[in-house]
Amino acid sequence: MIVNKKTIYIARLLSDLVLLNLVFILSAILAQSWEILLQRNYMFILLVILNLVWYFYSNLSGFYNDFFTRRFSTHFFNIVKSALVQVLITIAFIFFVKEDLFTRNFIIYLGAFLTIAIGLRTIIFRKTLKRLHRKGISVRNMIIIGSGETGKSFKATICDNPAFGYRFVGYVAESESGENYLGNISELDKILKTHQAEDVVIALPEENSDQLDEIIRVCNINAVKVHLIPDYFRFLSNRFQVNSIGSFPVITARDEPLEEASRRFLKRSFDIVFSLFVIIFIFSWLFPLIALLIKLNSKGPVFYLQERVGVRDQKFKCYKFRTMRTDMQKVEFKPVTEDDPRVTSIGKFLRKSNIDELPQFLNVLRGEMSVVGPRPHPIPFHNKYSEYFEAIKLRHNVKPGITGWAQVHGYRGDVPDEEENRKRTLQRIKYDLWYIENWSFKLDLQIIMMTVWQMITGKTNAV
């Protein structure tokens, strides 16, 4: 028995709609009574609206996508968002019809019960399908054509995730490739029949693409489903996007959420509100104290302005509290290290606590930076890092940030050792690119909370 993705989607959607209706009625009964609900039959109009909203919002938000590849914590966060949408629609409807009985208690019950019900349904579905897969139910036999790097990587993905519902049978390749080798492409028809294959994944290099027609013909004869992993897959990020332009399918190598204007507006709005809060309630009273300490500790200005690379390669002046002696700031491209003689005593504290970055909230207000994003590189450092990673400009597709995904994972600052610094830089850039491709408002909040916690505990890996 095979349960495909469409069947699972329909089962999940219908189950959730049934739960939504049951939760609605239960919440109404607990808030008032069944008789009062029947007297206010216009409340059933709200129920119809909520069903329609759930259907359309779940499809627009991708609520039912990637059922097994996402952690339950991610699913639960999406459940809370969907329940919140239902609550907001309910509040708007009640306000519009001027309902005076089904108010606070009904809304609380609806939101809480819906979150719990859908959460339990998700857990049950995941456990049930995993149990079926372990028993061999709803598992499809899969053969991979091509035993190169792409084919082996895909095989590892299938074997590491039995919940996907596939059983790896073996490879078909032009030459024997060791374990799990079933034969060459000319024997494909016999192999498909012998191993009762239901799915074939073609992962051939470009030089073997002339064999595609024959492979697909043989698969069609045997009614086997064909999946293709293009040879240029190695050029794609983990978040590529498939679209259609006219009648042509087009694969976009990198999908960046912040390309959408609505998401950029949300991020910018948060930047303004958050930076104003910090400037008014923290910077306003802390600045005079820090400025006095800097002046008493060494001669020179309070602020240190450094030209850095921003979004779309635009240069801007980045504000920082000065942490080094003014007579030693002109040494170019020399990373600050632990016990660096250039750093003042107060500067060590400012760098360790990240307080030296506080003036950059002014850059955020000016629109040159964001609260969260890849850290902006000084010009000499940027030129050097370009030698390590030639596609470094991908970082500049978004505004640089005061803190970022790389920084909360310990990749802040440089080290004296050239080779070690190169490795750290490459890893830092990988974290930056992952952030750009996986941006979400929730992720920004997570990074901010992690940054604050590291500042409190002193675990910033800063020097």
Side-chain angles (χ1 to χ4, degrees), residues 3-68 70-130 132 138 260-263 265-266 269 440-442 445:
V3 183
N4 60 30
K5 288 184 178 180
K6 186 68 174 178
T7 303
I8 294 174
Y9 161 74
I10 293 174
R12 294 169 67 199
L13 175 63
L14 291 179
S15 299
D16 289 347
L17 290 176
V18 169
L19 289 173
L20 171 61
N21 286 270
L22 292 176
V23 164
F24 181 92
I25 293 173
L26 176 63
S27 300
I29 293 174
L30 291 177
Q32 296 300 326
S33 69
W34 176 252
E35 290 76 13
I36 294 178
L37 178 61
L38 292 177
Q39 292 173 11
R40 286 167 165 72
N41 50 20
Y42 54 78
M43 290 294 289
F44 289 100
I45 298 175
L46 171 61
L47 182 57
V48 173
I49 294 173
L50 293 180
N51 278 267
L52 292 173
V53 168
W54 183 275
Y55 173 76
F56 287 109
Y57 179 77
S58 63
N59 281 280
L60 287 173
S61 64
F63 181 79
Y64 295 111
N65 295 344
D66 304 323
F67 186 45
F68 286 111
R70 292 179 181 174
R71 296 178 178 179
F72 176 72
S73 58
T74 303
H75 277 294
F76 186 75
F77 182 78
N78 291 332
I79 291 169
V80 172
K81 287 197 299 183
S82 299
L84 182 60
V85 169
Q86 297 285 304
V87 167
L88 293 176
I89 294 295
T90 301
I91 292 173
F93 182 87
I94 290 175
F95 177 80
F96 179 78
V97 300
K98 296 181 174 58
E99 170 59 47
D100 57 352
L101 287 180
F102 290 99
T103 52
R104 183 177 61 186
N105 288 345
F106 172 70
I107 293 169
I108 293 173
Y109 291 148
L110 179 66
F113 291 161
L114 186 60
T115 301
I116 295 170
I118 304 297
L120 290 174
R121 194 277 304 156
T122 300
I123 294 173
I124 293 170
F125 263 61
R126 288 167 68 94
K127 289 185 177 296
T128 300
L129 287 173
K130 285 181 179 179
L132 290 175
S138 188
E260 291 188 19
S262 59
R263 291 171 176 171
F265 176 78
L266 173 62
S269 299
S440 68
F441 184 63
K442 180 185 74 168
L445 295 179

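Sequential numbering from 1 along the given sequence is applied to the chain's residues.
Atom CZ in F106 sits 11.0 Å away from atom CD1 in I29 (nearest 0.5 Å). Of the inter-residue distances, the one linking T115 atom OG1 with L110 atom CG reads 9.0 Å to the nearest 0.5 angstrom. Atom CG of L22 sits about 10.5 Å away from atom OG of S27, to the nearest 0.5 Å. Taking CD1 of I89 as the start and CG of L84 as the end, the distance is 10.5 Å to the nearest 0.5 Å. Atom CD1 of I45 and atom CG of L50 lie 12.0 Å apart (nearest 0.5 Å). Atom CD1 of residue I79 and atom OG1 of residue T122 lie 3.5 Å apart, to the nearest 0.5 angstrom.
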Practice item. Report the C-alpha separation of V97 and L46 in whole Å, then their side-chain angles, then the decisive distance to 0.1 Å, and conclude whether the side-chain contact (heavy atoms from CB on, under 4.5 Å) test is met. Key: CA-CA 10 Å; V97 300; L46 171 61; over 6 Å; no
Exercise for review: Verify side-chain contact (heavy atoms from CB on, under 4.5 Å) between L120 and L19, making sure each step is shown before the conclusion.
Suggested key: CA-CA 11 Å; L120 290 174; L19 289 173; over 6 Å; no
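Across all non-hydrogen atoms, the minimal contact from N51 to L47 is ND2-O, 2.7 Å. Considering all non-hydrogen atoms of both residues, W54 and S82 come closest at CZ3-CB, 3.6 Å. Closest non-hydrogen pair, V23 versus L114, comes out as CG1-N, 3.7 Å. Minimum heavy-atom separation, G111 to A83: O-CB, 4.2 Å.
I94 has its side chain within reach of I107: a pair of non-hydrogen atoms, C-beta onward, lies under 4.5 Å apart. Using a 4.5 Å heavy-atom threshold, the side chains of R121 and I118 count as touching. Contact of the K81 side chain with the Y57 side chain is registered, since non-hydrogen atoms from C-beta on lie closer than 4.5 Å.
Side-chain atoms of R12 come within 3.5 Å of backbone atoms of Y64 as a donor-acceptor pair (strictly under, hydrogens ignored).
Between F93 and Y42, the ring-plane angle classifies as tilted under the 30° and 60° cut-offs. F24 and F44 have tilted rings, their planes meeting at an angle from 30° to 60° on a 0 to 90° scale.
Summarising the local packing, OH of Y55 is surrounded by 12 or fewer heavy atoms from other residues, nucleotides or ligands at distances under 6.0 Å.
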